[in-house]
Amino acid sequence: MAETLKSLDELVSLCKRRGFIFQSSDIYGGLASCYDYGPLGVELKRNVKNAWWKSVVQMRDDMVGLDCSILMHPMVWKSSGHVDKFADLVAECKKCNTRTRVDHLQGTEGAETTHHSHGEEQEHTDLSGKVCPSCGTTGQFTNPMPFKLMFETQMGANVEDSMKVYLRPETAQGIFANFRNVMDSTRIKVPFGIAQVGKSFRNEVTTKAFIFRTREFEQMEIEFFCQPGTDEQWWEHWKEQRMQWYLDLGIRRENLKFRPHASDELAHYAKACVDIEYRFPFGQGDWQELEGIANRTDYDLRQHQRGMRSVTKWFESGRNTEKTSLVEEPEDWHKGPLSFFDDEARERYIPYVIEPSAGADRGTLAFLVDAYAEEEVRGEKRNVLRFHPKLAPIKVGVFPLVKKEGMPERAKAIYNDLRGYFSCFYDEKSAVGRRYRRQDEAGTPYCVTVDGQTAEDNTVTLRDRDSMEQTRVSCDKLLGLLREKLDM
RNA sequence: GCGGGUGUAGCUCAGUGGUAGAGCGUCACGUUGCCAACGUGAAUGUCGUGGGUUCGAAUCUCAUCACCCGCUCCA
């Protein structure tokens, strides 16, 4: 009987052995939390991203795509709240060496809360009355130290002129910053959404479990703009759509679930949020987030309207983003530059935003984990990755049964024909059974084998990865049949 | 960041102070006629990295890096 994955180690080993995923900078001993996608991995991950794009952009009338730069104007991150919220102060308890965010510490006397402000004076906050949530000791803290969750770099080669900029911690803000541009250039109308795939960077406190939580990661994000009041129904719509996407690509239903966020868990901008979780085989079979679907309300667009009007202040502060504060929102904010005039409703408003935000690396890992199976065939162990054909790095393996009697030539001709339509792999080395098993471990759904009979009647065998059954197929019908089976 | 564990060939691992090994995989040749076949041969090691102890270190020791498990953290 087929067995699924018990620990991540087996998968990590397979990923390295077969060229899916390598540790970054491996020859230098590795760099924490960074991973590289090898020849098979890059195909798999690209297939995941392409399947997402097809589902949310290509097949929909109400979606368009975008690809923003990773570096943006620093004020983008002031407006979004990341400059403040992503620079928390942390203090370490000298007793138990546990680090805790200063604004999470509770005092013994009174509940005087430390407010978010990030001047140097913060670092001398009196923590003598605070209690360590870990060991209960009072007042044994180090001085608060800033914990920068955004990656910083500088723009400009000349030190004098260079400016501090951030690597984006989410792709979402690039979408909000381009809301106007997309509206003005596409004739699209609310309700509509913008999709983007791209790298983001966060200095996570702890990284975790292979490519699950890394500091450099790739997101697949949608910001869907809708009329206030319709947001809840669109949130439901995307919940269902996104769950169905994972199911359609072959993830087992019992390994997927929704997890609604409790109200005290919601981000400052969110009205509602639900995670799509997958049961990963790390921890104790832990459920972990693949994607979050949040109702961001009109928070972001309103904040950017404030930010747009604060640029002069920023310049006057000497381009010091942390010391710039946003101007107040005017009375008529709903008519601002990022508002939308709804012809049908005859009103102007700031759209509400539903954000389905998925991790491309997490998704790829989930597809790998869910596809993994070990089974016994004739007393031998068979490792197979049962990828959905759309995700399989290689769609078709093409072999000559043996390396003689013109079989390699015929097989190569078929290979050269098929590779124009989908990624194929030609192999003539060692016994054919071994070649089948090699393709099983790469997750290749079909293998085509040229044999002695091919020369007589122009037929080949088509072997199915999952059933291991073979059928004879005429070469003339091969391409059509494969396109049908692979749905490509 | 804390505690525990691990690090030796591409992978899995043996080797506990004295000449670096096995299985699998890879490659070549032969054989082979549909599911990890067989024979012969071959290649592949900064023993994670750097210091120390020692006549001699994969082995002892210190530091460091990376990974795993558990805390902690996770707008």
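Values reported hereafter were calculated over all heavy atoms of this structure, with side chains retained and with hydrogens, waters and symmetry mates removed. Every chain is numbered from 1, with letters handed out A, B, ... down the list of sequences.
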Interatomic distance, [X] [atom1] vs [N] [atom2] [rounded to whole Å]:
X: A/D9; N: B/rG7; atom1: CG; atom2: C1'; value: 12 Å
X: A/F210; N: B/rA66; atom1: CZ; atom2: P; value: 16 Å
X: A/Q288; N: B/rC74; atom1: CD; atom2: P; value: 15 Å
X: A/E355; N: B/rA75; atom1: CD; atom2: P; value: 13 Å
X: A/R17; N: B/rA9; atom1: CZ; atom2: P; value: 15 Å
X: A/L31; N: B/rU64; atom1: CG; atom2: P; value: 17 Å
X: A/D84; N: B/rA75; atom1: CG; atom2: P; value: 16 Å
X: A/D427; N: B/rC35; atom1: CG; atom2: P; value: 17 Å

Which nucleotide wins on minimum distance to the side chain of [X], given the candidates [options]?
X: A/E170; options: B/rC35, B/rA75, B/rC68; answer: B/rA75
X: A/V377; options: B/rC27, B/rA66, B/rC35; answer: B/rC35
X: A/E441; options: B/rC34, B/rU32, B/rA36; answer: B/rA36
X: A/K16; options: B/rG10, B/rA37, B/rC67; answer: B/rG10
X: A/R434; options: B/rC35, B/rU26, B/rU12; answer: B/rU26

Could you work out the separation of [N] and [M] based on their [atom1] atoms and round it to a whole Å?
N: B/rC13; M: B/rG3; atom1: P; value: 26 Å
N: B/rA20; M: B/rC27; atom1: P; value: 29 Å
N: B/rU44; M: B/rC11; atom1: C1'; value: 13 Å
N: B/rG50; M: B/rU12; atom1: C1'; value: 28 Å

Donor-acceptor pair under 3.5 Å: do we get one between [X]'s side chain and the base of [N]?
X: A/R382; N: B/rC35; answer: no
X: A/Y28; N: B/rC65; answer: no
X: A/D451; N: B/rC34; answer: yes
X: A/R213; N: B/rC74; answer: yes

I'd like to know if the side chain of [X] and the backbone of [Y] have a donor-acceptor N/O pair within less than 3.5 Å.
X: A/E223; Y: A/I175; value: no
X: A/R386; Y: A/A373; value: no
X: A/E289; Y: A/D275; value: no
X: A/T153; Y: A/K164; value: no

Selection residues 400-417 of chain A - residue pairs positive for salt bridge (Lys or Arg N to Asp or Glu O under 4.0 Å), sequence neighbours left out: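 Residue pairs passing salt bridge (Lys or Arg N to Asp or Glu O under 4.0 Å), neighbours aside: none found.
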Ring geometry between A/W234 and A/F224 (parallel below 30°, tilted from 30 to 60°, perpendicular above 60°):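 Ring orientation, 0 to 90° scale: tilted.
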Need the pair for [N]. Rule: Watson-Crick or G-U wobble, both distances under 3.5 Å, any strand; none if unpaired.
N: B/rG41; answer: B/rC27
N: B/rC47; answer: none
N: B/rC2; answer: B/rG70
N: B/rA75; answer: none

Positions of residues 70-80 of chain A (non-hydrogen atom under 4.0 Å from RNA chain B), listed by number: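 Heavy-atom contacts with RNA chain B come from no residue of residues 70-80 of chain A; none.
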Earlier contact from the 5' end, RNA chain B, for A/R296 and A/R437: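 Nearest-nucleotide comparison on RNA chain B picks A/R437.
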Residues A/E277 and A/R259 bridged, charged N to O under 4.0 Å: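 Salt bridge present between A/E277 and A/R259.
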Exceeds 12 heavy-atom contacts within 6.0 angstrom, atom NZ of A/K477: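 Atom NZ in A/K477 is not crowded, with 12 or fewer foreign heavy atoms closer than 6.0 Å.
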Sugar-phosphate only, base, or nothing, as touched by A/E405 at under 4.0 Å among non-hydrogen atoms: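 The residue A/E405 makes base contact.
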Sugar-phosphate, base or nothing in reach of A/K381, heavy atoms under 4.0 Å: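 Base: the residue A/K381, judged by heavy atoms under 4.0 Å, touches a nucleobase.
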Phosphate OP1/OP2 of B/rC35: any A/Q470 side-chain N/O under 4.0 Å: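 Answer is no, no contact under 4.0 Å.
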Partner residues of A/Q453 under the side-chain contact (heavy atoms from CB on, under 4.5 Å) criterion, sequence neighbours left out: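 Counting only residues at least two positions away or on another chain, A/Q453 forms a side-chain contact (heavy atoms from CB on, under 4.5 Å) with A/D451, A/E456, A/D457, A/T459, A/R472.
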